[in-house]
Structures are given as structure tokens and as C-alpha cells.
Amino acid sequence: MSAMPHSARYGDVRCAHCEHFDEDGCEQAAEALLAEGWPRAAVLVDEAADADRCPEFAPSADYSLGRDEEDSAREACARLTAIAHFKNW
């Protein structure tokens, strides 16, 4: 697994962006706490919580699709800017 932080790979990541996010609790966080010796508990996380350091973060399909669309729009804008500069050259 890459040591690169999630923010470098995915941008600004929140718990709501994770495929594991559930309003009833985060099973991955509960398992991680159990492994650290904490008693079994339901871990409720806020959807806006920063997920950058979560070792179990996995981008949801909607989040990945949104990132792909943003990247495509950014690339299209860069191409149009390059074409405009080329025309003016």
C-alpha cells in the first residue's frame, strides 16, 4: 500500500466520501479500535470528518466519478486555453 496521504491521491477527503461511510457507524473504525485494545463499540463519525489519515479509506463510486469529471473538465479547459494561446501566437 502506498504511504502517500489520501489528500495527495484523492484531494480533500471526508468520511462521507468513503465507501465504508454509514450513518449507523464506521465498522472499520470500530475494528481498528478493537485491535488497539479498546472494547467493542459502534463508532459514529460525522460525514464532514477528515478522512485523510484513515487507513481504511476507500473512495466511494460517486466520489471517484465526481473526481474523474472534475479532472476531465480541468483537462478540457487546459486544452482550450492552449488552443487559444496557439491561435494568438
Side-chain angles (χ1 to χ4, degrees):
M1 173 120 201
S2 173
M4 185 184 311
H6 302 304
S7 60
R9 288 182 283 165
Y10 305 114
D12 184 31
V13 292
R14 301 286 175 217
C15 287
H17 300 147
C18 184
E19 70 177 20
H20 303 127
F21 178 75
D22 186 342
E23 292 177 357
D24 295 330
C26 180
E27 186 65 27
Q28 284 67 28
E31 291 295 326
L33 289 173
L34 185 63
E36 293 292 322
W38 290 84
R40 183 77 171 137
V43 179
L44 301 177
V45 294
D46 185 76
E47 67 182 35
D50 182 10
D52 187 46
R53 293 178 20 198
C54 178
E56 298 295 325
F57 177 81
S60 68
D62 290 341
Y63 181 69
S64 295
L65 179 61
R67 296 296 303 170
D68 290 345
E69 288 174 356
E70 288 176 13
D71 291 344
S72 293
R74 198 173 7 264
E75 290 171 7
C77 183
R79 281 194 299 272
L80 289 174
T81 301
I83 290 169
H85 283 104
F86 181 74
K87 285 181 179 180
N88 291 332
W89 184 59

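Values in this document were obtained by computation on a predicted structure and should not be read as measured data.
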Taking all heavy atoms of [X] and all of [Y], pick out the closest pair and write down the distance.
X: L44; Y: D24; value: CD2-O, 3.3 Å
X: A29; Y: V43; value: CB-CG1, 3.7 Å
X: F21; Y: A16; value: CG-CA, 3.9 Å
X: A51; Y: C15; value: CB-N, 3.8 Å
X: L34; Y: P39; value: CD1-C, 4.4 Å

message: To the nearest 0.5 Å, what is the distance between CZ on R14 and CG on D52?
response: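 Going from CZ on R14 over to CG on D52, the span is 9.0 Å.
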
Main-chain N/O of Q28 paired to H20 side chain as donor or acceptor, under 3.5 Å: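 It does not hold such a pair.
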
field: Residues that E27 engages under salt bridge (Lys or Arg N to Asp or Glu O under 4.0 Å), provided they are two or more places apart
entry: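 Result, salt bridge (Lys or Arg N to Asp or Glu O under 4.0 Å) vs E27: R40.
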
query: Listed by chain and number, what are the salt bridge (Lys or Arg N to Asp or Glu O under 4.0 Å) partners of R74, not counting sequence neighbours?
result: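 Once residues adjacent in sequence are excluded, the partners of R74 under the salt bridge (Lys or Arg N to Asp or Glu O under 4.0 Å) criterion are D71.
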
field: Residues, nucleotides or ligands: over 12 heavy atoms within 6.0 Å of E19 CD
entry: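 Above 12, so yes.
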
